[in-house]
Structures are given as C-alpha cells and as structure tokens.
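Structure, as structure tokens:
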Number of protein chains: 2
Amino acid sequence: MATIYEVSKLAGVSLATVSRVMNNNANVSDATRKKVTAAMDELGYRPNSIAQSLASNCSNSVGLLVSELQGPFYGPMMSGIENTFRNQGKHLIIAAGHSDEEREKQGIEFLISRNCDGLILHVEAVSDDYLIKLSKGRTPFVLINRYISELSDRCILLNNIKGGYLAAKHVLEQGHKNIAYISGPLWKQDAKDRLEGHKQALAEFNLEFDENLLFQGDFMEASGYEGLKALHEQTHPFTALICANDEMAVGAMASARDLGLTLPKQLSIMGYDNVFFTRHVYPQLSTVNYPIDEMGRMAADWVLNQVYQKQTPPLQTLFEPELVVRHSISRQSAQITSQG
Amino acid sequence: MATIYEVSKLAGVSLATVSRVMNNNANVSDATRKKVTAAMDELGYRPNSIAQSLASNCSNSVGLLVSELQGPFYGPMMSGIENTFRNQGKHLIIAAGHSDEEREKQGIEFLISRNCDGLILHVEAVSDDYLIKLSKGRTPFVLINRYISELSDRCILLNNIKGGYLAAKHVLEQGHKNIAYISGPLWKQDAKDRLEGHKQALAEFNLEFDENLLFQGDFMEASGYEGLKALHEQTHPFTALICANDEMAVGAMASARDLGLTLPKQLSIMGYDNVFFTRHVYPQLSTVNYPIDEMGRMAADWVLNQVYQKQTPPLQTLFEPELVVRHSISRQSAQITSQG
DNA sequence: ACATCAAATGTAAGCGCTTACATTTATAAC
DNA sequence: GTTATAAATGTAAGCGCTTACATTTGATGT
C-alpha cells in the first residue's frame, strides 16, 4: 500500500503538500495539486485512515451501540443513521450491548478507545450515574429512548405516555370496557410511561384500572404468549388486550389462536411500535407508530451538529407517536368470561 | 485520557514495559507487573486502539459489508457474526452497500483503509473481476452468498438448486400440477439456481415448466404483489404459487386477498428463506430454511481461522436448505381459471 | 570471586499521517 | 528596483503505541 511519502516523492513535493491536497484545506497551486493527484492515481494511493485519526485526533467515525443487531426495531434505526452519515462522509462503528450492563460498558469503552468522534447510544442496562459520568468525558454522545434529566438536551425520546394514551383511547372508543394489558418490564421507563398513558385514558372514560388484568411481560414474543394465557385463566373478563409492544402482541395472537379465540371478534388486540411485520399478521395489527427511523436520523443530525459543527435541520428531542388503525380491534366484542 | 507514557512515569518503568504488561507477551516480573497495573488502575488508563493499530498493523477489527442494515435477512446474519467476534475480542465495523456498485466499492475501500484485518462481504453489484483483483490485495476476505470459481474456498453458499427443488417437490407432492413461479432477478445466481431446482423437480414429476406461469420479480414485496396480479390476469390456470423468497410471497398473499382468493384453499403459496415473520403471517407460510445466521457464524470462523490463526471448528462452505412445512399449501386445490 | 547465560528492563526508531512554524516565491504598490 | 504582503511550499515535531535491539540484573556453576 502506497503511503503519503511515496506520493510526495513521485510528485516531487513535500509530505505536507500532499496532505494539503488530500484535505484541501490550505492554499495549493493548481499546478502542484495536479501533480499530486496524478501521483496518487498512479500509485493507487488510499490514505490510511487509522493514521489520519491518530494524527488529527478525529476519526470521522461515530459509534453506535444498540441492544441487538437483529429484530424489527433496530434495523430501521441503524439504517436511518447509516444513511445520514454516509451522505456526510462519516462512518459507523456498530456494537451490540445485549441489554447487559457489562457488555454495554465494554461496547461503549471500545467505541471510545476506537477514537469515535461521537456516540449514539441505545442502552438499557447501564445506570444513569454511569452515563452522567460518561458525559464528563471527552466523547460526546446522544441517547435514544432514554431520559436522564441531567442530560435532557441529548435524550431523543418518544412521548410514550401519549402513545399509551392513544392506544387505550382508541380501544375505549370502540366500546371496550374491560381491557387487559401486557406491559413491558416495569423498571423500564418506557414500559412505565406506556402504562401511565393507558391509565390516563381509562380515567378519562371514568373506568378504573383493574390490576388483575395486568400482566408484566418483557417485551418479547414469548411473554405475550404467556401473558394472554395467564390472563385468560384468571377470573376477570375482558374483551380487549393492549400490549406494550408489537412482539408481545404477536405472541398474544398466537396464544389466542391456541385458546380457540377468533380474532378480532372474540378478542381485540392492540400493539405498539408499528414494526414492519404488523401489516403481515392476520388480522393486521392496529398499533402505535414509533418513528424510530426518524429518531435515528435525528440522533445522527445531533452528532453532525454538535460534534462536527455542521449545518443541520433544527434539532428535535421529543417525538410524537401516532395511532395506526388496522383490523385487530373489533367494534363490539363478546365478553370472554372466566374459566373458573 | 491517560497515555502509556503517564502510566510508565507513575509506575516508574519504561514505555516498553507497560506495553509488555498490556499485551503480556514477554517476561515481566510479578513485581513490576503489579506496579504497572496499579498505575493503570489509578489513572483509569485505556489503551488507544487507534494507536495500537497503527503501530502493530493489526486492528483487531473486521469489516462487514451488507446490502442493508435493516430487513429480516441481514439482522440474523450480523448478529451471528457479532457474537462470534465478541467472544474473541474482535470488533466489527459495519457498512452498507445498498446493492449499488459504487457504494459497495466505497464501503470496501473504507473498511480496508480502516485497517480491518479481514472482511466479510455480502455484495451483489460489484463484478467478479473486481473481487478477484481485490483478493490479490493485502486484506483477506470471505464472501457470503456469492460464488466465484477462482475464489471458491472463500465462498460461503447455500445450495439454492436443492432449495428450489425442495420447495417444488413439496408442492408437487401435495398434488399440484399447475404451479406458477415468481422468481428473483434472473441475472442473479441465486435466483437462477432456485429456478433451476424448481425445474428439476418438475421434470422428476414429468411435468413441463410453463413459461407463461413465470413472473420475474426483484425479491421485494411489491414485486410479489404485482407478480400474482399479472399471473392471475393471464389465461393459464394454476393452483399453487412458489415465490423465490418470503418477501415476495408475503406480497403475493396480500395480492391474493385483494383478488378475493381464500388462502390456502384457492391458492397455495410457498416462500423461501424462512425469515422470522413467516410464522406470523396467515396462513403461516411454508418455506425453505436459509440458515443465514449459521452462515454468518461460519464466515466469522473463517476470518478467525485464516486471519487470526485461531482454532475453530472445521470450515464449511456449502450449506443445505431445509423444507419448512407450515400451513400455506393445501392438499388439493380448486383450479384458478383464467380471467379471459 | 568470576564467567556465563537467561530473564528483565530500557532505548529509540518507526507506523502514516497532521499541523505549527519557518522559509521561499509570487504579487502588488510605490 | 524596493519593500511590504500574501500565497505556496517545506521542515520537523508530534499523535500513542509496538518492537528490534541494547543494556542491565540476577542466578548458576565452578
């Protein structure tokens, strides 16, 4: 691999001049610029970006930490981010945290030690304190889907209370009065918020939230399956089920079929996230849109703006959910009565 | 950020010794090792891996180029790869090629200029010649889902002929005789192979392949939708439709509903890939399993073995598809007759 | 006590770039 | 033709590490 030194020799100029034409940041005469680019072409020269990073203390790469590389949720987010950076000549280093504190920390440290200029973090397991301490460090970062008041200007969030409210309101408006709920893990803020919005809507309809109709899941499909099974076995009747995300909703749909329930006639089911496969399930799932791709792009814009001082559209940190009505909520449902 | 220099000062040893304890590759007395690690802890020292890469000419990172960061196919692949490398202390730099020749080349060059020790490529647009030339370069790479005879030992492939055969055979065994086919773009080898396997099965059942029942799609959902619409409008009847991947199959299912066809009674539909959402569509889609996660892990093993000289399970380059029977193929179908 | 040799440590030259500063060259004003 | 000033180019010192080679230290055998 040719180095800058060989290029400079071939072009008959100094290292510095070659560097200047690469970064075209200083005055270089047309004649020498031509000589240099010719030499580069001849040698097939490619700058070694590791060396560039070390020397300039700027790697032109930003780190992205997500929980998982797979799954319907992270794909669109990564894609939105990658796109934005590609257009700006920045590069993406991706690590997965697997919702595990140790691995999340490892991932963050790797990205920092890799001289990332900025970080986009979607972390769940790491503590607020850790992040606050991290914010004092040299690598700026933005948080997706996590709120820490001390870091509020770098938290990109969905209004989950509103989302929970929207979902419940829609179901209530269809005439349902007994509504079961499968939540996410309630130590997570988003799970809590969605449930809070749910309760607000209930209150607005003068209905009380029935704790017996709450099942705490973990945002995974299996817990949706288990959740509906468990709810079906207890004695309080319900005609609709709201799940705190689409994966659990899909699990619940499978469960409903195994229980012999006709959807949506005997049981209405509502999801959350508007993950792409919700259009493909049967019946098509009504849900709440989580504009995760947009939020990813916004996170990328944040980095562009705050780290690279680029012009960007105005930064926005709070995003609004939207109701997506499809065919999984029936207008009037027969009550499922208890098993006992 | 503390540097190795500060650590050496604090510990009262030379740079080299600090480096040695980091890499524990030479004789260092217990006493000094202790002094050094204590100094590291005190300073919260983290080696700068950019500098390490530059000096050692080994970045401990491997590059991965995929077409898209999203979609049901690449997620499991990336995840399998990331997992393997995490366990070995290697890191992953991901770029997307978007099936575009220029962008694929850019991506590859970026990864190389980033001093990746090895590359895993899932490329579609770049030419064989380009890859052959690339193989002469300094960065070793392995190809997923692409066959180039000159590079055959580094091509990790699915036996697509067999897969196409399996799908068709299953449909034939259920008694279907008139089978429509929505292929991928036929300039792509995998699309060609799947169709070839399809024809083999037909031949085995003494059936002729009807060109009128072939629609060439592009592996995307929309082309499945359009494909079935077009097939339905022509005059040759068929009772089953085989799609060259699941996305098109899902598109075709939507199309079938719009055409008022009951699935699978009036039309049987078969997919290919066994993407995770095939279990969630209705009726659940019968398909052919593409073990992409395993193949990703194998690619990672290849790099570990060939680039880092690690012990790995034996390298395997050809993977076998498997039939996945679910509920989208009916035993005996009423014939769809022509529209005309 | 001395030589011998291995183990432990230090020295310093890079890795391929960037950039502050110094120097040279061209341009313009008088 | 000077001189002042700006533009173009060169010089060399790093960036934070690794590693070949040199040196020192400590055992061991005699």
- Item | Residues which pass side-chain contact (heavy atoms from CB on, under 4.5 Å) with B:L157, listed by chain and number, not counting sequence neighbours | B:Y147, B:C155, B:L318
Could you tabulate the donor-acceptor pairs under 3.5 Å formed by side-chain atoms of residues 125-139 of chain B, not counting sequence neighbours?
{"residue": "B:S127", "atom": "OG", "partner": "B:Y130", "partner atom": "N", "Å": "3.0"}
{"residue": "B:D128", "atom": "OD1", "partner": "B:R146", "partner atom": "NH2", "Å": "2.6"}
{"residue": "B:S135", "atom": "OG", "partner": "B:I132", "partner atom": "O", "Å": "2.5"}

- Query: By ring pair (Phe, Tyr, Trp, His ring centres under 6.0 Å), which residues pair with B:Y45, not counting sequence neighbours?
  - Reply: none
- Inter- and intrachain pairs under side-chain hydrogen bond (donor to acceptor under 3.5 Å, both in side chains), touching residues 28-40 of chain A, at least two apart: A:S29-A:T32
- Note on the structure: Hits for side-chain contact (heavy atoms from CB on, under 4.5 Å) against A:D100, two or more places apart or cross-chain, chain-then-number order -> A:E102, A:R103
- Task: For D:dT18, take OP1 and OP2 only and decide whether either is under 4.0 Å from a side-chain N or O of B:N57.
- Result: no
- Sorted by number, the residues of residues 40-49 of chain B with heavy-atom contact under 4.0 Å to DNA chain D: B:Y45, B:R46, B:P47, B:N48
- Mind checking what makes side-chain contact (heavy atoms from CB on, under 4.5 Å) contact with B:T3, not counting sequence neighbours? B:Y5, B:E6
- Query: If an axis is fit to five pairs at each end of the helix from C:dA1-D:dT30 to C:dC30-D:dG1, what is the angle between the two, to the nearest 10°?
  - Reply: 40°
What nitrogen or oxygen pairs link the protein and nucleotides 5-9 of chain C at under 3.5 Å?
{"residue": "C:dT9", "atom": "OP1", "partner": "B:S29", "partner atom": "OG", "Å": "3.1"}
{"residue": "C:dT9", "atom": "OP1", "partner": "B:T32", "partner atom": "OG1", "Å": "3.4"}
{"residue": "C:dT9", "atom": "OP2", "partner": "B:S29", "partner atom": "N", "Å": "2.9"}
{"residue": "C:dT9", "atom": "OP2", "partner": "B:S29", "partner atom": "OG", "Å": "3.3"}
{"residue": "C:dT9", "atom": "OP2", "partner": "B:T32", "partner atom": "OG1", "Å": "2.8"}

- Message: Checking A:E42 now: which residues fulfil side-chain contact (heavy atoms from CB on, under 4.5 Å) with it, not counting sequence neighbours?
- Response: A:L10
- Item | Short side-chain N/O contact from A:Q52 to OP1 or OP2 of C:dT18, under 4.0 Å | yes
Can you give me every donor-acceptor pair (side chain of residues 62-74 of chain B, partner residue at least two apart or in another chain, under 3.5 Å) with its distance?
{"residue": "B:S67", "atom": "OG", "partner": "B:Y74", "partner atom": "OH", "Å": "3.3"}
{"residue": "B:S67", "atom": "OG", "partner": "B:E124", "partner atom": "OE2", "Å": "2.9"}
{"residue": "B:E68", "atom": "OE1", "partner": "B:H98", "partner atom": "ND1", "Å": "3.2"}
{"residue": "B:E68", "atom": "OE2", "partner": "B:H98", "partner atom": "ND1", "Å": "3.2"}
{"residue": "B:Q70", "atom": "NE2", "partner": "A:S79", "partner atom": "OG", "Å": "3.1"}

- Message: Going by salt bridge (charged side-chain N to carboxylate O under 4.0 Å, His left out), name the residues that satisfy it together with A:E101, two or more places apart in sequence or in a different chain.
- Response: A:K105
